[in-house]
Amino acid sequence: MRPTKCLFALATLLLLGTSVHAAEATSVKVGFLSTLSGPGAGLGIDIRDGFNLAVKQLNGKLGGLPAEVIVVDDQQKPEVAQQIAEKFLKKDKVDFMTGIVFSNIMLAVGQPVFDNKTFYISANAGPSQYAGEQCNPYFFNVAWQNDNLHEAVGKYVMDKGFKNVVLVAPNYPGGKDAMVGFKRFYKGKVSEEIYTKLGQLDYAAELAQIRSLKPDAVFFFLPGGMGINFVKQFVAAGLSSDTQLFAPGFSADEDVIKAVGRRCSACSTPRTGRTTWRTPRTGASLPTSRRNTDVCPHFTPSQGFDAALLIDGAVRDVKGRLDDKEALRKALEAKHFKSVRGDFKFNSNHYPVQNYYLRVIGRDAQGRVTNKTMGTVFTNHADAYVAQCKMK
Amino acid sequence: MSERRTTLLEVRDVSKHFGGIYALNEASLVLESGEVHALIGPNGAGKTTLIHVLSGALPADAGQVIFDGNDLARRAMHERVALGLARSYQITNLFSRLKVLDNVTMAVQSRVRDWGSSFSFWKPFSLDSAIVDEAHDLLAQVSLTGLAGRRASQLSHGEQRCLEVALVLATKPKLLLLDEPMAGMGPEESVRMVELIEHLARRVTMLLVEHDMDAVFRLADRISVLVGGRVIASGEPAVIRADHEVRRAYLGDAE
Amino acid sequence: MGLYASSPRRRVAAAITLLALLALPWLMQTLDQGFYVSFASRVLIFALAATSLNLVIGFGGMISFGHAAFFGAGAYTVAILAEGGVHSAALAWPLALAVAALLALLIGAISLRTRGVYFIMITLAFAQMVFYLIVSLKSWGGDDGLLLLRRSTFGSLDLKDDTTFYFVVLATLALVLLALDRLAHSRFGRVIQSIRENETRMEALGYPVFSYKLVCFVIGGALAGLAGALLVNQSGLASPNLLHWMQSGTLMVMIVIGGVGSVFGGVVGAVLLLLCEEFFVEISPHWQIGLGLVLLAVVLWAPLGIAGLFGWGRSRE
Amino acid sequence: MSALLEIEALETAYGSSQVLFGVSLSIAAGEVVTLLGRNGMGKTTTVRSICGLQTPRGGSIRFCGERIDGQSADRIGRAGIALVPEGRQIFPNLLVRENLLAFAANRHGVPDPWTLDRVYAFFPRLAERAGVLGGRLSGGEQQMLAIGRALMTNPKLLILDEASEGLAPLVREEIWRCLDTLRASGQTILVIDKYVERLIAVADRHTILERGQVVWQGTSAELDADHGIWHRYLGI
Amino acid sequence: MTQLILEQALNGLQFGLMLFLLAAGLTLVFGIMDMINLAHGSLYMVGAYLAAAVTQASGSFMVGIGTAMLATALLGALLEVSLLRRLYARDHLAQVLATFALILIANEVVRMIWGAQPMLLNAPDALSGPVSIGGFFYPAYRLLLIGVGVLVAGLLYLLVSHTRLGMWVRAGASNREMTEALGVNVRLLFTAVFAVGAALCALAGAMLGPLLAVQVGMGESILILAFVVIVIGGIGSIRGALVGSLLVGLVDTLGRAALPSLLREVLSPEVASSLGPALASILIYVLMAAILFWRPEGLFPARG
């Protein structure tokens with residue numbers, strides 16, 4: 001090797017070493033941390049599939065750079081999630097993190113991520129803390145604030161004139177947000193707020209309590225398998241004949257419908273998307289690894305899909321200079337993509353402002369069970385915490 | 001044996017039953033200090049149960065045990081040892097994985113009145129040389145000096161029985177409860193054990209439970225006979241040998 | 001005690017290990033693998049927790065299936081104090097130790113009246129009580145656990161720095177191991193090990209066995225509490241899963257793999273287990289099958305664990 | 001008379017302590033043989049070795065011509081040896097009836113087998129107590145139950161360890177009478193007990209053990225003739 | 001109010017009877033072999049997965065349950081002969097660890113075969129609705145569970161108390177040596193007991209599958225409850241297991257249902273609402289600790 005060439009190589013190396021932030025990154029690393037096992041796994045798997053689908057449609061790239069997505073299961077345990085996050089940040093040195101489903105896990109992981117100045121793009125968890133006082137420049141949410149869907153249900157239940165409601169939610173931040181959100185727009189009588197254990201599967205005691213309270217409507221927020229079990233047992237207990245069941249969108253997602261089948265004709269659910277998103281932009285459909293997606297429209301994957309699109313747009317905007325955090329933040333805030341589920345924009349707290357629709361589970365023309373969009377509940381709705389957010 | 005003796009242990013009408021069966025049925029017994037008192041009786045007569053009750057391993061259902069002026073009723077096993085009441089076991093009961101010397105040092109170390117309690121967490125035991133010295137003395141007394149470094153489980157049965165005696169002695173008891181010290185021994189070993197007990201008899205009062213009649217008649221100052229949970233006779237060896245009841249109990253004599 | 005071989009060779013090995021551990025942060029920084037400094041802290045903390053259980057099970061012969069309760073108690077004490085504005089390690093850590101010790105005193109005083117299987121089950125029951133109590137108390141985080149948003153402060157030391165924290169953990173563990181080694185050869189250590197060997201005989205020799213066992217149980221609990229206090233600082237979260245019975249099981253697995261009743265058994269087991277978890281999980285998500293098989297093999301064929309295989313621990317019969 | 005049970009040079013040890021040092025003994029079909037000796041001399045160990053509850057270290061045991069030493073206890077039991085153990089060891093958590101019925105068998109096709117009714121007729125006391133838990137019985141009743149339980153297996157060889165130990169005189173006598181009856185019916189029996197005088201009347205031959213070795217063997221007449229033997233080996 | 005209490009009592013009964021299915025096998029293995037088998041919960045999980053898989057394949061819930069019970073019994077017997085038998089003579093620590101290892105292995109194997117997400121197992125449509133009993137509706141499927149629980153308890157009672165097999169099991173539990181000396185092959189008997197216990201696990205798993213979720217780790221939480229049950233009832237006693245199960249089922253359900261409102265009567269609402277669930281969830285462990293304290297052998301000790 002000639003000395004000049006050697007010197008040149010060395011100089012390049014030095015240049016690379018000293019001026020990393022000035023150079024373009026060669027790839028985008030995304031740490032995808034989600035609940036992929038256990039009863040809460042359904043949502044996480046959907047989000048992952050949606051995210052991967054987007055990356056696939058972008059030919060394995062995000063913002064034009066090769067994308068490396070590291071997918072790890074948090075087992076729905078905060079301390080497991082924390083360890084994985086630490087590894088993402090300190091070992092893998094990811095550029096973005098996303099994927100978390102449950103708010104308690106989000107809250108456990110958030111601080112170290114933000115401290116490390118890594119952007120977190122939430123595809124599901126939207127705790128009130130991060131919308132309000134603890135809002136953070138490194139946190140973006142493409143789905144909703146936890147309360148939003150519940151607010152929509154609350155408004156609808158109020159509008160329809162239900163007088164006596166029982167609320168059911170698990171005892172964790174998301175559950176408490178749900179109750180608060182519902183009651184923000186529902187001003188009637190709440191005869192009982194029932195908090196269950198997160199991950200609880202047998203609701204016999206709660207259902208007996210509901211029966212004795214004789215409400216005309218029940219609002220429940222039980223993500224994943226918990227919701228499936230609740231609805232099944234609610235119907236089996238014979239409560240569905242007298243009591244209307246309301247749930248936020250994901251509690252009446254395809255999984256639930258499939259598991260519960262026609263028995264859930266009483267479920268009403270607001271959604272953020274107006275139409276089915278089966279054929280977004282490129283016309284491809286969800287990978288069929290987990291289920292046949294042609295059965296009926298499916299919502300949750302769109303959240304993962306949008307998260308990927310947001311990253312794609314922002315990386316493109318900053319032209320791959322991922323170390324310029326300020327520019328990247330601005331690019332993310334600008335949101336240069338069109339969501340497959342109807343458009344939205346970011347509020348000052350990085351949570352979406354969007355429309356909320358009502359859907360009712362019913363049958364489609366072929367007699368298949370599905371959920372149908374019935375109307376708009378909120379237009380350009382923001383969350384209730386944005387005022388408390390003083391984004392630094 | 002003409003000197004005046006004081007009562008060391010008094011067992012008054014002690015009963016103990018398991019389910020419907022009485023192992024001890026108002027058994028009474030008096031031991032004087034300085035004597036070797038043998039307790040004999042057929043299997044199942046309640047001898048070992050009595051040892052258990054005396055040592056505190058089992059609570060009595062009724063009756064009273066007075067030792068050295070103390071009522072033992074509510075005293076735990078370890079408190080009785082502190083009062084000077086020590087027992088050996090019928091089935092060898094040692095620290096089998098520990099070395100012979102450590103077996104004995106554990107026993108010596110137990111004497112709070114000499115060494116203070118063992119709640120000492122930092123000072124290495126190796127500095128407690130007085131305890132080790134005493135343990136070597138005891139091993140010499142039971143003729144196990146050469147075996148101090150072996151594990152207890154590696155000793156022969158007879159040697160283990162001797163070690164058992166050393167452990168009991170190490171607590172410096174006033175009264176020694178020996179439960180079948182010769183059980184399972186070969187003839188030579190038995191002879192050795194008899195000699196050992198004879199040697200000890202000069203220093204400590206003993207209640208000896210034993211089936212080997214040769215040994216019992218050679219060692220005992222007095223003998224009590226336990227049958228069906230009750231002491232049916234108590235007295236000097238010659239008296240017991242001639243006792244009609246005792247002969248019946250042992251031989252089924254229908255004389 | 002005869003049960004332990006305290007050879008010069010072992011001292012040399014310990015010294016070399018200590019030197020290697022002292023050099024670890026520097027090495028990792030050089031290799032740009034800072035993550036592993038934090039990971040090493042975690043491993044050492046679990047080593048401390050396993051060692052504390054080894055004192056109870058390995059030395060005291062008390063098969064406690066509720067050790068996670070003390071581990072978690074320490075973590076929660078620090079987190080709750082932090083919630084109340086107390087961040088001083090000099091205050092919070094000893095308090096964590098004290099709370100765990102008090103809990104151990106309470107649980108031990110009742111549980112140690114039972115024997116064998118019943119002891120295993122009653123310690124488990126108490127740990128479950130603590131678990132469910134914490135899970136149901138919303139003010140202490142309930143299911144979510146309690147976040148520790150900033151690490152404890154320790155005089156002028158900056159514990160926020162992973163390397164500094166690592167050295168604090170290392171020093172703590174080294175001190176505890178030294179103390180444990182002394183304890184093993186002290187009068188008290190001899191007594192509890194002899195109780196493990198033959199409890200009735202110890203009673204018959206006049207030892208108040210219950211008191212000794214209780215003290216041993218409380219020391220073990222207190223050290224677990226200290227480990228919990230360190231862990232919550234390392235991870236920033238006091239999670240109810242720290243109190244879960246599977247956590248007790250994991251600690252047991254560590255000491256059995258490492259070596260029951262050997263001073264370094266807990267350390268060896270924790271290091272092995274966590275390293276396997278860290279590296280095998282990347283090879284196969286189903287690495288736990290391997291762990292299970294190894295554990296089975298250890299139980300069936302090497303009951304004295306790794307320490308036993310290398311003759312570090314108590315020698316075999 | 002062919003030997004039903006033949007023991008040769010049996011050696012048995014518990015861990016480091018050897019108990020039997022070459023015991024030899026044979027029992028012919030229809031015979032009643034005793035095993036005598038003071039406590040701790042190896043009688044129970046001999047019996048346990050025969051029944052497979054203790055694995056012998058040396059020597060051989062043949063039953064009906066087949067080696068049974070080293071076989072499992074349940075196979076030996078099914079081969080036709082039934083034990084009435086020292087301390088009865090009836091099942092306290094089973095009813096009297098169940099204690100008997102659980103082990104009823106006639107594996108060797110005995111023409112007039114022991115049945116529940118026959119045991120009840122043999123021990124009327126058990127019939128009265130049929131529905132009571134075994135643990136609630138008195139010592140004597142427990143012994144009857146233990147004998148009845150063994151008989152229900154229709155054994156070729158019945159072994160009684162400490163047949164009358166700890167029983168009241170009247171009960172003891174009842175047990176003896178049972179043995180008389182069983183002997184008359186041709187049952188082969190090996191019995192351990194202390195009441196030499198009574199045993200002389202019940203048994204054909206006697207074996208005395210001393211420190212794990214057979215020191216004397218002979219017929220009832222011979223034992224009766226020499227009371228010195230009693231006192232040497234059995235007395236106090 | 002009475003209706004609520006009645007319904008909650010039925011819920012408690014249903015829960016208790018399902019616990020009994022698990023506890024029955026566990027208590028026998030524990031009592032007879034003196035063996036702590038943590039892997040009992042894994043058999044429950046495997047049973048549930050098999051039931052779900054076969055039900056999906058065959059379309060018949062009954063076929064699913066039957067196959068699962070048979071296959072799990074076979075698996076249990078295999079496990080006993082190949083591995084657990086070696087552990088009987090070992091100390092409890094070895095047993096706890098070895099069977100803990102089995103849990104890890106079983107969880108991973110199930111995850112490999114069936115994946116990490118819960119499996120779907122639905123009750124037959126005919127049973128998915130409510131039935132009216134005495135003026136109120138109660139889920140038909142839960143009634144079925146109660147029925148099956150009562151039936152199995154009855155059959156087990158007959159088996160244990162009126163068959164020779166049952167007598168041998170009880171005899172073996174109280175005195176293994178004597179049982180063998182009387183000609184019973186206790187080893188084989190233990191294998192059979194283990195297989196029956198495994199089949200009951202599968203039954204419980206399959207029956208609870210539609211109600212709960214068929215997922216990895218489902219055995220662990222219920223395993224602890226089963227242990228609580230048998231320790232309360234007395235290790236080795238089927239009767240104790242039944243009483244213990246019902247006690248735990250009722251105390252747990254009624255405690256959770258009634259304790260918060262009872263506390264509200266005496267305490268301020270905030271204190272009551274945070275203390276209520278906390279106390280309710282530890283109630284059964286308090287029960288167990290109390291029973292162990294006063295009756296260290298449980299309510300119905302098996303050994304005389």
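Letters A, B, ... are given to chains in the order of the sequence lines, protein chains preceding strands, and every chain is numbered from 1.
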Which value, rounded to the nearest 0.5 Å, describes the distance between [X] atom [atom1] and [Y] atom [atom2]?
X: A:Leu201; Y: E:Leu211; atom1: CG; atom2: CG; answer: 9.0 Å
X: A:Asp202; Y: E:Thr253; atom1: CG; atom2: OG1; answer: 8.0 Å
X: A:Lys232; Y: E:Leu212; atom1: NZ; atom2: CG; answer: 9.5 Å
X: E:Glu7; Y: A:Gln209; atom1: CD; atom2: CD; answer: 10.5 Å
X: A:Leu207; Y: E:Arg142; atom1: CG; atom2: CZ; answer: 7.0 Å

Where on [X] is there a heavy atom nearer than 4.5 Å to chain E: the side chain, the backbone, both, or neither?
X: A:Glu193; value: neither
X: A:Tyr203; value: backbone
X: A:Gln75; value: neither

Validation row: A:Arg211, E:Phe137 side chains within 4.5 angstrom (heavy atoms):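 A:Arg211 vs E:Phe137: side chains touch.
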Option that, when pairs with chain E are counted at under 4.5 Å, heavy atom only, ranks first among A:Ser37, A:Ala236, A:Ala204: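 Option with the top pair count is A:Ala236.
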Counting only heavy atoms closer than 4.5 Å, note whether E:Leu121 contacts chain A via side chain, backbone, both or neither.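 Only the backbone of E:Leu121 comes within 4.5 Å of chain A.
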Minimum-distance pair of heavy atoms, taken over all atoms of E:Asn11 and A:Ala205: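 In this case the closest contact between E:Asn11 and A:Ala205 is ND2-N, 4.0 Å.
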What's the shortest heavy-atom distance between A:Gly238 and E:Pro130, and which atoms?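 Result for this residue pair: CA-CG, 3.1 Å.
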